[in-house]
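What follows is a single structure, written as structure tokens, with notes after it.
So you know, we letter chains A, B, ... as the sequences are listed, proteins then strands, and number each from 1.
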Amino acid sequence: MTAAPHLETLLWRVGLKHVAGVDEVGMGPLAGPVIAAAVVMPPGSYVDGVADSKVLTAAARERLAEEIHRRALTVGIGVVEPEEIDRLNIYQAGLCALRRAVEALAVVPEFVLVDGREIPGLAMPQSAYPKGDSFVCSIAAASIVAKVHRDGLMRDLDRLYPGYGFARHMGYSTRAHFAAIREYGPSPIHRRSFAPVRAAVRGVTDTQLPLAPVTGLD
DNA sequence: CATGTTCTCGGTATGCATTA
DNA sequence: TAATGCATACCGAGAACATG
């Protein structure tokens, strides 16, 4: 990765001292929270090896997350719980998590670099970059911190709600996960607004899923 | 044999163009 | 005008295969 002219370098060069990179994880799974992280690095500081969390192995992510935490000026975490996801919808929940991560920072950043789309209602200027986690260092760092944080949380939730395999699939849709939902029903951390979870509640198999979204169940 | 890479699969929301 | 299709955006696991 590492884009040639670092965006952060340009911002630091014009005198900004607190530039935050923000990214969220956990949009896709059927269970568990959406987690966002915001990272503010000291001007001029880059962590070697930081890249899009998706292209890193779990071991590399753990190591890098530790180093990012050690070297960052401040790190903020934003959490949106499953019941909020059901209430807001997953798209708004992602934005909400991003906003909370920025608000959780120990300093108010002068500029925010965000993955994907802009965060409505943010107090400071921002730029959004689709696929930003693969070429903006601060966003990549945030993606690593968020991913490691969520994986740890899902392992904890696996102990709280054993049998679903959360520690393995992190709440994502796998055959084993579908089978567990059908067998045990949804747990308190399942997103009941998501189609496969609704289907399990209604007692139908995933081959009988309705073609159109079912409404009026919340 | 352990690790890394690629491909296919799974989830939902938005916005715009097209169609009935 | 309202409904629909499609490309865009985001998230990731798991299997198969390649490599050292």
**Item:** Members of residues 145-156 of chain A that approach DNA chain C, where some heavy atom sits under 4.0 Å away
**Value:**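 Per residue number, the list reads A/K147.
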
**Taking every non-hydrogen atom, the tightest pair across A/A140 and A/V50** =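 Residues A/A140 and A/V50, closest heavy atoms: CB-CG1, 3.5 Å.
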
**Request:** Please name the pair of heavy atoms, one in A/H18 and one in A/L73, separated by the smallest distance, quoted to 0.1 Å.
**Result:**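 Where A/H18 meets A/L73 most closely, the heavy atoms are CD2-CD1, 3.7 Å.
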
**Message:** Does this structure show an ion pair linking A/E24 with A/K147, if we count only N-O contacts that are shorter than 4.0 Å?
**Reply:**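 Salt bridge: no.
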
What is the distance, rounded to the nearest whole Å, between atom [atom1] of [X] and atom [atom2] of [N]?
X: A/H177; N: B/dC9; atom1: NE2; atom2: C1'; answer: 16 Å
X: A/R61; N: C/dA13; atom1: CZ; atom2: P; answer: 7 Å
X: A/F194; N: C/dC11; atom1: CZ; atom2: P; answer: 14 Å
X: A/L30; N: B/dC9; atom1: CG; atom2: P; answer: 17 Å
X: A/I35; N: C/dG12; atom1: CD1; atom2: P; answer: 12 Å
X: A/H190; N: B/dG11; atom1: NE2; atom2: C1'; answer: 12 Å
X: A/L56; N: C/dA13; atom1: CG; atom2: P; answer: 13 Å

**Asked** Do any pairs count as a side-chain hydrogen bond (donor to acceptor under 3.5 Å, both in side chains) and have a residue in residues 64-83 of chain A, sequence neighbours left out, and if so which ones?
**Response**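 Sorted result for residues 64-83 of chain A: A/S45-A/R71, A/E66-A/R70, A/E67-A/R71.
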
**Request:** May I have all residue pairs that pass side-chain hydrogen bond (donor to acceptor under 3.5 Å, both in side chains) and include part of residues 120-132 of chain A, sequence neighbours excluded?
**Result:**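 The answer is none; no pair qualifies.
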
**Request:** Five pairs at each end of the helix from B/dC1-C/dG20 to B/dA20-C/dT1: take the axis at both ends and give me the angle between them to 10°.
**Result:**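 Nearest ten degrees gives 30° for this helix.
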
**Distance test, side-chain N/O of A/Q92 to OP1/OP2 of B/dT14, below 4.0 Å** =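 For B/dT14, OP1 or OP2 has a side-chain N or O of A/Q92 closer than 4.0 Å.
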
**Parallel, tilted or perpendicular: rings of A/F166 and A/Y164 (30°, 60°)** =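 A/Y164 vs A/F166 ring planes: parallel.
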
**Asked** ring pair (Phe, Tyr, Trp, His ring centres under 6.0 Å) between A/H177 and A/Y172: does it pass, once the steps are laid out?
**Response** CA-CA 7 Å; A/H177 191 185; A/Y172 281 84; 9.1 Å; no

Taking N or O atoms only and anything under 3.5 Å, show me the protein contacts with nucleotides 8-10 of chain C, one pair per line.
| from | atom 1 | to | atom 2 | distance (Å) |
| --- | --- | --- | --- | --- |
| C/dC10 | OP1 | A/K131 | N | 2.4 |
| C/dC10 | O3' | A/D115 | OD2 | 3.4 |

**Prompt:** Looking just at side-chain N and O atoms, do A/S143 and A/D133 make a donor-acceptor pair shorter than 3.5 Å?
**Reply:**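 Judged by distance alone, the side chains do not pair up.
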
**Asked** Heavy atom of residues 165-173 of chain A under 4.0 Å from DNA chain B: which residues?
**Response**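 When residues 165-173 of chain A is checked for heavy atoms under 4.0 Å from DNA chain B, the hits, listed by number, are A/Y172, A/S173.
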
